[in-house]
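So that the names make sense, note that chain A is the first sequence line, chain B the second, and so on, each numbered from 1.
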Number of protein chains: 2
Amino acid sequence: MNTRQHNCKEELQETELRATPARIAAMRYFEQTDKPADVQMLKTYLHKQKIKADSATVFRIVNTFTQKGLTKQIQLNENKFRYELADKIDHHHFICDNCGTIEDISDCNIEAIEKEINQKKGLLIKRHRLEFFGLCKSCQR
Amino acid sequence: MNTRQHNCKEELQETELRATPARIAAMRYFEQTDKPADVQMLKTYLHKQKIKADSATVFRIVNTFTQKGLTKQIQLNENKFRYELADKIDHHHFICDNCGTIEDISDCNIEAIEKEINQKKGLLIKRHRLEFFGLCKSCQR
DNA sequence: TTATAGATGCAAGCGTATTGCATGTAGTAT
DNA sequence: ATACTACATGCAATACGCTTGCATCTATAA
Ligand SMILES: [Mn+2]
Ligand SMILES: [Mn+2]
Ligand SMILES: [Zn+2]
Ligand SMILES: [Zn+2]
């Protein structure tokens, strides 16, 4: 058992979730990448790790993780959800129209905008979602 | 034929789309509200207008409208798409966690953020999506 | 009025996501 | 180490959003 896996197991136990092979591997997947994964991607990864999890199980895993606050569910203009670790600092995504690559975007000062909206309209803003679309560096050539 | 309907018909003809009853009524729907509609809502509205359009037809209508630039497709963290008029000035949405009401949000200075991202990361940003979630004025009580 | 490109209805089908139930297993008590 | 039990999983059925093929219908223009 490597360190990373050990960390994953601990993290699961802290949330009162049983550390099953599929869940441990799923956690490891999320910790190894900054690309939000959909259920199919996660299932494929598990399969490569010799863990044959049913799609229903993978859906249950991401729903449970999200409900426990381990991951968060995001939407990138597709008819499916993606998931990524929730413990990252608040950030957004850039998606390339051409190659589909996803890049994290941090340090957007949305709080200022939210404060302004609250003052103008009286809305209590708790969360936001912001995505950018366009061409990545290599696809601009 | 009232003025509004007449406008809708003209708008359709300008885009080389045939002005069928379902399309005219759909245009009228979009012009009468600022709440983004999903296919089911649109279908229900048409039905109330004595126009019984099949779901497939409504899906085709919103796809065609969007393709012709009359409407735009948006996603509000649901596993379905919504549609609204495209000719409004660029704006975003606030969705109440409690009652689901949707409010338009304008005058967000995202361009400044986009310019900063372009300079820092070299990404060419063409569009963005921004939604806020929280509690509307009446649900805060 | 007729001809025809295009729109619709219907049914089949696809992909994502959920759920009920029987079985399997992680965590715990013995 | 063993047995127990609550929880997790596999499997199949199901729901739902959305698309598509094809026959039929119709808005538009000749
Ligand atoms: Mn990310
Ligand atoms: Mn709007
Ligand atoms: Zn690219
Ligand atoms: Zn509300």
Distance (rounded to the nearest 0.5 Å) between A:L46 CG and A:I61 CD1 |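 One finds 6.5 Å between CG of A:L46 and CD1 of A:I61.
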Just how far is it from atom NZ of A:K48 to atom OH of A:Y29, taken to the nearest 0.5 Å?
->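 With rounding to 0.5 Å, NZ (A:K48) is 9.0 Å from OH (A:Y29).
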Output the rounded distance in Å from [atom1] ([X]) to [atom2] ([N]).
X     : N      : atom1 : atom2 : answer
A:L42 : C:dT16 : CG    : C1'   : 15 Å
B:H47 : C:dT8  : NE2   : P     : 17 Å
B:N77 : D:dG17 : CG    : P     : 16 Å
B:K80 : D:dA15 : NZ    : P     : 18 Å
A:F59 : D:dT14 : CZ    : P     : 19 Å
A:K43 : D:dC11 : NZ    : C1'   : 12 Å
B:Q73 : D:dT19 : CD    : C1'   : 13 Å
B:E78 : C:dA17 : CD    : P     : 14 Å

Using residues 101-111 of chain A as the side-chain source, report each donor-acceptor pair under 3.5 Å to any protein atom, sequence neighbours left out, with the distance given to one decimal.
residue : atom : partner : partner atom : Å
A:D104  : OD1  : A:H91   : NE2          : 3.4
A:D104  : OD1  : A:H93   : NE2          : 3.3
A:D104  : OD2  : A:K88   : NZ           : 3.1

All N/O donor-acceptor pairs, side-chain side in residues 64-73 of chain A, below 3.5 Å, sequence neighbours left out:
residue : atom : partner : partner atom : Å
A:T64   : OG1  : A:R60   : O            : 2.6
A:T66   : OG1  : A:V62   : O            : 2.7
A:T66   : OG1  : A:T71   : OG1          : 3.0
A:T71   : OG1  : A:T66   : N            : 3.2
A:Q73   : NE2  : A:Y83   : OH           : 3.3

With a non-hydrogen cut-off below 4.0 angstrom, is B:D38 in contact with a base, only sugar-phosphate, or nothing?
->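 If one applies the 4.0 Å heavy-atom cut-off, B:D38 turns out to touch nothing in the nucleic acid.
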Could you check whether A:Q40 gets within reach of a base, just the sugar-phosphate, or nothing at all, counting any heavy atom under 4.0 Å?
->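 A:Q40: no heavy atom of the nucleic acid under 4.0 Å.
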Quick one: is B:N63 getting a side-chain N or O under 4.0 Å of the D:dT19 phosphate, OP1 or OP2?
->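 It does, given that an N or O in the side chain of B:N63 lies less than 4.0 Å from OP1 or OP2 of D:dT19.
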Could you tell me whether the phosphate oxygens of D:dA27, OP1 or OP2, come under 4.0 Å of any side-chain nitrogen or oxygen in B:Q13?
->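 For D:dA27, neither OP1 nor OP2 has a side-chain N or O of B:Q13 closer than 4.0 Å.
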Please list, chain by chain and in numerical order, all residues satisfying side chain to side chain donor-acceptor pair (under 3.5 Å) with B:K80, sequence neighbours excluded.
->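 For B:K80, the residues satisfying side chain to side chain donor-acceptor pair (under 3.5 Å) (neighbours in sequence not counted) are B:D38.
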Atom pairs, N/O to N/O, protein against nucleotides 6-9 of chain D, distance under 3.5 Å?
residue : atom : partner : partner atom : Å
D:dA6   : N3   : A:R18   : NH1          : 3.1
D:dA6   : N3   : A:R18   : NH2          : 3.2
D:dC7   : O4'  : A:R18   : NH2          : 3.2
D:dC7   : O2   : A:R18   : NH1          : 3.4
D:dA8   : OP1  : A:R23   : NH1          : 2.8
D:dA8   : OP1  : A:R23   : NH2          : 3.2
D:dA8   : O5'  : A:R23   : NH2          : 3.2
D:dT9   : OP1  : A:T20   : OG1          : 2.9

Go through D:dT20, D:dC18, C:dG27 for me and flag the one nearest to the A:A19 side chain.
->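 In terms of side-chain proximity for A:A19, the closest of D:dT20, D:dC18, C:dG27 is C:dG27.
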Only pairs under 3.5 Å count here: list side-chain donor-acceptor contacts from residues 14-25 of chain A, not counting sequence neighbours, and write none if there are none.
residue : atom : partner : partner atom : Å
A:T15   : OG1  : A:L12   : O            : 2.7
A:T20   : OG1  : A:R23   : N            : 3.3
A:R23   : NH1  : A:R18   : O            : 3.1

Connected hydrophobic set around B:L124, excluding itself, where side chains approach under 4.5 Å |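 Members alongside B:L124: A:L135.
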